[in-house]
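Okay, so here's the structure we're looking at.
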Amino acid sequence: MKITLGAVSKPYSALKMKTGDWGTHWPKVDEELCTGCGTCEMFCPDMCIEVVKVGEEEVNGKIKEIKKAKVNYDYCKGCGLCAEVCPANAIKMELKDIYKV
Amino acid sequence: MVRKVVRGFYAVAYAVKLCRPAVICAYPITPQTEIVENLATMYANGELGNCQYITAESEFGAASILVGASATGARTFTATCSQGLILMSEVLWNAAGMRLPIVMVIANRSLSAPLSIWNDHQDSMAMRDACIIQVYVENNQEAHDMIPQAYKIAENKDVMLPFMVCMDGYKLTHAYEPVDLLEQETVDSFLPPYDPPIKLTTKDPLTFGCYAPPHCYMEFRVVMQRAMMRAKKVMEEVFKEWAELTGRNWGGLIATDYMDNAETAVVAMGSVVGLVREVVEEMRKDGKKVGLVKIRSFRPFPTEELRKVMKDVENIVVFERAVSFGYEGPVSIDLKSALFGHSNAKVYSFAVGLGGRDIPRDLIRKCINNAIEGKVDEGFHFEGVKEFEEVII
Amino acid sequence: MKFFFSSGHGACPGCSLPIAVKNVLYALEGKCFVVNPTGCLEIISSQYDRSAWGVPYIHSVFENAAAVAAGIDAALKALGRKDEGHVVVFAGDGATADIGIGCLSGMFDRNHDVLYICLDNEAYQNTGNQQSGLTPPGSNTTTTPAGKILPGKIGRKKDMVAFALAHKIPYVATASVAYPNDIRRKVKRAVEFEGAKYIQILCPCVTGWGINSNETIKVARLAVETALYPIVEYENGELVRVRKIKERKPVEEYLKIQRRFRHLFKHPKGREIIEELQRIADENAKRFGLDE
């Protein structure tokens, strides 16, 4: 253990804390429905859903990025806010396998 | 160097200016006010460079502002006393734990109730356990000299702790004394600009003021104690350097007079030391083997130094300016603890001059004589108290 | 990390505080110094060696965040480092309206270049829902419990917007965590003003308010849609913008889904409190012209 001057800590050292096992449910993104709008990312309190580029498509002769929401299950606490705020209804909360009887 | 007859508050303010602080923040309180008034005047006249001078909404706010400023990498100064110091206390404990080398002058004043604006050491003594260095000065030259030294010690990488320069309210702050005022070049050659090992900056975004769960809190207390103990060595070195630089040697963590072959040691702190020294000199002339021990640094406590100098004495007379209610005077409590197993001397402790009560020369002499002649019991006594009857109303 | 606030913090699932924080930091592109007094946010984000922060951050004590921020502002000026970033406070409602109000008044009065953000979850939630000056009437907290006689908190929610305006600071606004784009815009607007800025963001608390973890945003929206939490914006003392409400909802719709207000529907004095809250909402709507 290191004891720093005045208990000063390094940025993002909280990443050591994997909070992904807190919840009973986790979000599943339906990529067919996801429009990549980023609403879930804007609201997620745990910074664990992110809209990322998954490919490209041509629209009216222009190359456009295809974006989809991706969940980082290492940290997701299963609050369900992303599913609640998703304007495309693309996110469903599912019971984790270990809680299934 | 210019010798001028100045008042204590000016001697302090002038020395602070020479240390080039970046942020000064205070709240007025008697008898400290004139220190910050003088700094405010210097600020108004553009004499403080880029320094920001802030009048806070309370001492609590002032100390808090300096926490933010110091953590950002600024050299900081404040002055306060009494109720103001107690109001600051929560923040000062916090500043010590965050290892912020804030330098402050305490214009020592008593505590309420009853309200008293006059001098004793109850205010700074109430802060003795906060991991803040406490040095008590005897006169205004020592107060003036102590400011640059305080910064150098507090900002030392092995120390990084707040520093209180304790000077008796009114008795020193308002007294006219000839003071050799330092030159800017002298202070610049002695005190480098403040360059903390870590600070709040967007270039290296660190998290300050974390909370520590039981698995690591204790270790932070261990390193604070270590820093205090390391400060002893740093203080001795800085005091020595100062003596060489200015020719004024104020001693180490303690300073002694007439302690060679002394049978009775008289211990005091602050402005009363001058009077005690005169009494000791007179008693020496009368053939009494009396010596003076001036405690300069109360925190860190000069344990080894006191053991060494008290090795062969038979009586120890302590003049206290505070009481730890329910026990004794704080100086003798610590002194006895330091000497336990190292000395068989009898310790007599006298609380004098609380709330600005005058401390006459005869009282000092009487206390020392009574101790030497065994006319008084060992332990703690109030002296200079009037006859009174304790009633409800 | 674009939000400058990382995963791994210890907030309850569905906590609204990180939502407010991440959007403020996003708006400032991480160019800021954060001061955070003791409270929920501090406890969830600043354990030793477990910091969620990607910006310089300091926590000192409970009641001094505004003063610490003032000190950072002064130091940045004195050291010629003003261009490093803005000074931002994230404080809870108790730290703002109760214990820290002296330091806040001093900072406003001296008009330091500080953006002070009050994350208003309407009670001391870190320690388990004790009432603060920003707890609304009727709320069942552990220190204003609904009992046989008393219907929860008696009194009103302190008007911190008026308090801020009384100090004649250049920018004062309210927001709700339900509208992150509005938060981002207000933060960017606020820092265009030199001097003290105050933004109060409604941040529902899952545990203290007694709502489900996926309901924080819904509740934060309902508070606005009932006009109990008017969204206003003042520049140099002038009301420049309000969030209009299309079809204002009765306060009961907001109250009935929260455990802290549920007793009002069966307590002998509950009806009186509900009517008082409706009156407050009506006054807000009238005063700020909220109805579209």
Side-chain angles (χ1 to χ4, degrees), chain B residues 20-25 27 48-58 60-76 87-88 90-95 97-98 100 102 193-194 198-213 215-217 219-220, chain C residues 4 28-38 42-43 45-81 83-87 89 100-110 112 114:
Chain B
R20 303 183 188 278
V23 178
I24 298 171
C25 186
Y27 184 82
L48 296 181
N50 293 327
C51 177
Q52 293 281 311
Y53 178 96
I54 300 167
T55 300
E57 71 286 349
S58 68
F60 180 87
S64 303
I65 286 167
L66 294 190
V67 163
S70 184
T72 311
R75 177 171 287 160
T76 56
L87 184 57
M88 276 187 184
E90 185 196 8
V91 186
L92 295 180
W93 276 80
N94 181 257
M98 282 212 265
L100 301 174
I102 296 165
Y194 180 44
I198 46 170
K199 63 182 178 221
L200 289 171
T201 168
T202 50
K203 288 169 187 143
D204 183 14
L206 298 173
T207 300
F208 279 60
C210 293
Y211 78 92
H215 78 262
C216 60
Y217 180 87
E219 285 70 17
F220 287 103
Chain C
F4 303 94
L28 296 173
E29 296 171 0
K31 280 194 69 166
C32 60
F33 295 80
V34 166
V35 185
N36 181 203
T38 313
E42 175 258 334
I43 288 298
S45 68
S46 71
Q47 182 180 326
Y48 177 60
D49 197 29
R50 298 284 188 276
S51 170
W53 297 90
V55 292
Y57 166 99
I58 184 168
H59 157 254
S60 174
V61 297
F62 197 176
E63 63 275 38
N64 71 355
V68 173
I72 296 173
D73 174 54
L76 293 175
K77 278 179 188 147
L79 301 171
R81 287 169 46 198
D83 59 340
E84 262 194 48
H86 303 284
V87 183
V89 177
I101 202 163
C103 286
L104 180 60
S105 176
M107 189 275 278
F108 280 171
D109 180 40
R110 295 184 302 268
H112 288 277
V114 169

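Naming: A, B, ... by sequence-line order, numbering from 1 per chain. Values below: all heavy atoms of this structure, side chains included; hydrogens, waters and symmetry mates excluded.
Here the shortest heavy-atom pairing between Ser46(C) and Tyr57(C) reads OG-OH, 3.5 Å. Of all heavy-atom pairs between Thr38(C) and Val61(C), the closest is OG1-C, 3.4 Å. Contact detail for Glu57(B) and Tyr27(B): the closest heavy-atom pair is O-CE1, 3.3 Å.
At a 4.5 Å heavy-atom cutoff, the contact between Ala71(B) and chain C is made by side-chain atoms alone. Contact annotation for Tyr53(B): neither backbone nor side-chain heavy atoms come within less than 4.5 Å of a heavy atom of chain C. Heavy-atom distances place no part of Ser70(B) under 4.5 Å from chain C, backbone and side chain included. Of the atoms belonging to Cys216(B), it is side-chain heavy atoms, and not backbone ones, that fall under 4.5 Å from chain C. Contacts between Arg50(C) and chain B at a heavy-atom distance below 4.5 Å are absent for every atom of the residue. Looking at Leu200(B), both its backbone and its side chain come within 4.5 Å of chain C, counting heavy atoms on both sides. Phe60(B) touches chain C through its side chain: at least one heavy atom from C-beta onward sits under 4.5 Å away, while N, CA, C and O do not.
Your options are Ala56(B), Ser64(B), Gly73(B), Gly209(B), and the one with the most heavy-atom pairs under 4.5 Å with chain C is Ser64(B). Heavy-atom pairs under 4.5 Å with chain C peak, among Gly97(B), Gly68(B), Cys25(B), at Gly68(B). Highest contact tally toward chain B, considering only Ser51(C), Ala65(C), Cys103(C), Cys32(C), is held by Cys103(C) [criterion: heavy-atom pairs under 4.5 Å]. Annotation: maximal heavy-atom pairing with chain C below 4.5 Å, among Thr201(B), Thr76(B), Asp204(B), occurs at Thr201(B). When Thr72(B), Ile54(B), Asn50(B) are compared by the number of non-hydrogen pairs under 4.5 Å with chain C, Thr72(B) comes out ahead. Comparing Glu42(C), Met107(C), Arg81(C) by how many heavy-atom pairs each has under 4.5 Å with chain B, the most go to Arg81(C).
The distance from atom CE of Met98(B) to atom NE2 of His59(C), rounded to the nearest 0.5 Å, is 7.5 Å.
Residue pairs satisfying the salt bridge (charged side-chain N to carboxylate O under 4.0 Å, His left out) criterion with at least one member in residues 53-69 of chain C, sequence neighbours excluded, are absent.
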Check: Are Glu84(C) and Phe33(C) close enough, and set up right, to give a side chain to side chain contact (heavy atoms under 4.5 Å, CB included), and what steps lead you there?
Finding: CA-CA 9 Å; Glu84(C) 262 194 48; Phe33(C) 295 80; 3.3 Å; yes

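Applying the side chain to side chain contact (heavy atoms under 4.5 Å, CB included) test between Val91(B) and each of Ile65(B), Val67(B), Leu66(B) identifies Val67(B) as the sole match.
Side-chain contact between Ser58(B) and Leu87(B) is present, with at least one heavy-atom pair separated by less than 4.5 Å.
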Enumerate, atom names and distances included, each donor-acceptor pair closer than 3.5 Å involving a side-chain atom of residues 66-78 of chain C, sequence neighbours excluded.
residue	atom	partner	partner atom	Å
Asp73(C)	OD1	Lys82(C)	NZ	3.4
Asp73(C)	OD2	Lys77(C)	NZ	3.0
Asp73(C)	OD2	His112(C)	ND1	3.2
Asp73(C)	OD2	Asp113(C)	N	3.3

